[in-house]
Each structure stands twice: as C-alpha cells, then as structure tokens.
Amino acid sequence: MNVRSVLSLLFALFSAAMLGLAAGAVWMVISLYMRHPLPWLALPIGAVLAWAIRGSVRRSGIGAMLLAAGATALAAIYASMLVAGVRIAGNMGMGRSEALRTAGIGILWRLAGMAATPADVIWTLLAMLLAAWLVRKRAPRPA
C-alpha cells in the first residue's frame, strides 16, 4: 500500500464515522420531537448514509459495503446513547451537555443497551443490510 491509498482509507473511515454520528444526532432529534422511539427510522437513515458513501468512494465493493453498514450501526448506537443522555438530563434536572459529560460513555452505553428492544436490533440489522446492498454497485461515471 502506498501513502495515498492509506490516506484515502483513513479519510473514508473518518468520513463514514462522521456521517454516522451526524445521522444519529438527527435521528435523536426526530425521536425526541415525536416523543417516542422510532426504530424504523434506521431504514431511511441507512439509505441516506449509503447514498452519501457511494458517492464518495472510488470503488464500490466489500469495503464500501462495510463502511455503509458500519455508519448505519454507529448512527443507531449514537442515537440510543444520546436519548439515554437526554433521559438522564430530564430525570436529574440537568442540562443535556452536563448530563452527557457527567454520565460518560460507559453509563450511556449501558443505558442504551438496557433500553434496546428486539425490534430496535432487527430494524438496525435490516438497515445495515439495506445500506450495504445500496452501496454495492454504483453507476459508471461519465468520462
């Protein structure tokens, strides 16, 4: 591997992670606005992430499929952790950022895991499969 391909890989990983975190934050805002969990929202979020990743990678294939599926999983996990932080903030009478900072990643991870239902897991797995399927082939670019 040359330096360019390593940097390209690192940039793709960073971009997929940032896209996943942004999608998770949007998912959390929509869930809080609607006042109940929306596990089915994993499907459109996975499709949007696949569209964004497909447009940014040079070659579609296993790597792009893994990036899209990973970004979708990251979005679901991050949204669950943010919702757990908001619940802590509401129950303790704290600000959201203070609750997230005080609780830490470990507690938020545990609370998100305890709140996860089988439906959440199934919707997330379906969204990961959809994202991988959508990114697997891309249309050839015009010359």
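- In the hydrophobic cluster analysis, where Ile, Leu, Val, Met, Phe, Trp and Tyr join through side-chain heavy atoms closer than 4.5 angstrom, Tyr78 is grouped together with Trp109.
- Judged by distance alone, with hydrogens and angles left aside, the side-chain atoms of Trp27 form no donor-acceptor pair with the main-chain N or O of Ser80 at under 3.5 Å.
- Looking only at distances, a side-chain donor or acceptor of Asn91 sits under 3.5 Å from a matching main-chain atom of Arg87.
- For the atom pair CG of Leu108 and CD1 of Ile88, the computed distance is 5.0 Å after rounding to the nearest 0.5 Å.
- Among all heavy-atom pairs drawn from Ala71 and Ile53, the shortest one is CB-CD1, 4.0 Å.
- We find the CH2-CG distance between Trp123 and Leu41 to be 10.5 Å, quoted to the nearest 0.5 Å.
- When all heavy atoms of Asp120 and Pro39 are compared, the pair lying nearest together is OD1-CB, 3.1 Å.
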* Passes side chain to side chain contact (heavy atoms under 4.5 Å, CB included), Thr124 versus Ile77? Steps please. -> CA-CA 9 Å; Thr124 301; Ile77 291 167; over 6 Å; no

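- Once rounded to the nearest 0.5 Å, the distance linking CD1 of Ile45 with CG of Leu19 reads 12.0 Å.
- The closest side-chain heavy-atom distance from Ile122 to Leu125 is not below 4.5 Å.
- Within a 6.0 Å radius of CE in Met18, other residues, nucleotides and ligands contribute more than 12 heavy atoms.
- Residues Met114 and Val83 fall within the same hydrophobic cluster, defined by Ile, Leu, Val, Met, Phe, Trp and Tyr side chains chained together at heavy-atom separations under 4.5 Å.
- Trp51 and Val135 fall into different hydrophobic clusters, defined by Ile, Leu, Val, Met, Phe, Trp and Tyr side-chain heavy atoms under 4.5 Å apart, directly or through other members.
- Cluster annotation: Leu38 and Leu21 are assigned to distinct hydrophobic clusters (Ile/Leu/Val/Met/Phe/Trp/Tyr, side-chain heavy-atom contacts under 4.5 Å, transitive).
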* Would Leu130 and Trp133 satisfy side chain to side chain contact (heavy atoms under 4.5 Å, CB included), going step by step from the backbone distance to the final call? -> CA-CA 5 Å; Leu130 175 68; Trp133 181 74; 4.3 Å; yes

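- Side chains of Val3 and Leu7 form a contact here, defined as non-hydrogen atoms less than 4.5 Å apart.
- Between the Ser5 side chain and the Asn2 main chain, a donor and an acceptor come within less than 3.5 Å of each other.
- From Arg54, atom CZ reaches atom CZ of Arg136 across 9.5 Å, with rounding to the nearest 0.5 Å.
- Here the straight-line distance linking atom CG of Leu9 with atom CG of Leu67 works out to 8.0 Å at 0.5 Å rounding.
- Under the 4.5 Å side-chain heavy-atom criterion for Ile, Leu, Val, Met, Phe, Trp and Tyr, Met65 and Leu13 are members of the same hydrophobic cluster.
- Minimum interatomic distance between Gly24 and Ala79 (heavy atoms only, all atoms of both residues): O-CB, 3.4 Å.
- In this structure, Met128 CE and Leu74 CG are separated by 10.5 Å, a value rounded to the nearest 0.5 Å.
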* To do: Walk me through it: do Met81 and Ile105 pass the test side chain to side chain contact (heavy atoms under 4.5 Å, CB included)?
  => CA-CA 8 Å; Met81 290 174 73; Ile105 293 174; 3.8 Å; yes

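- Nearest heavy-atom pair, Arg96 versus Val86, reported as atom, atom and distance to 0.1 Å: CD-CG2, 3.8 Å.
- Looking at every heavy atom in both residues, Ala131 comes nearest to Ala50 through O-CB, 3.4 Å.
- Of all heavy-atom pairs between Gly46 and Thr72, the closest is CA-OG1, 3.6 Å.
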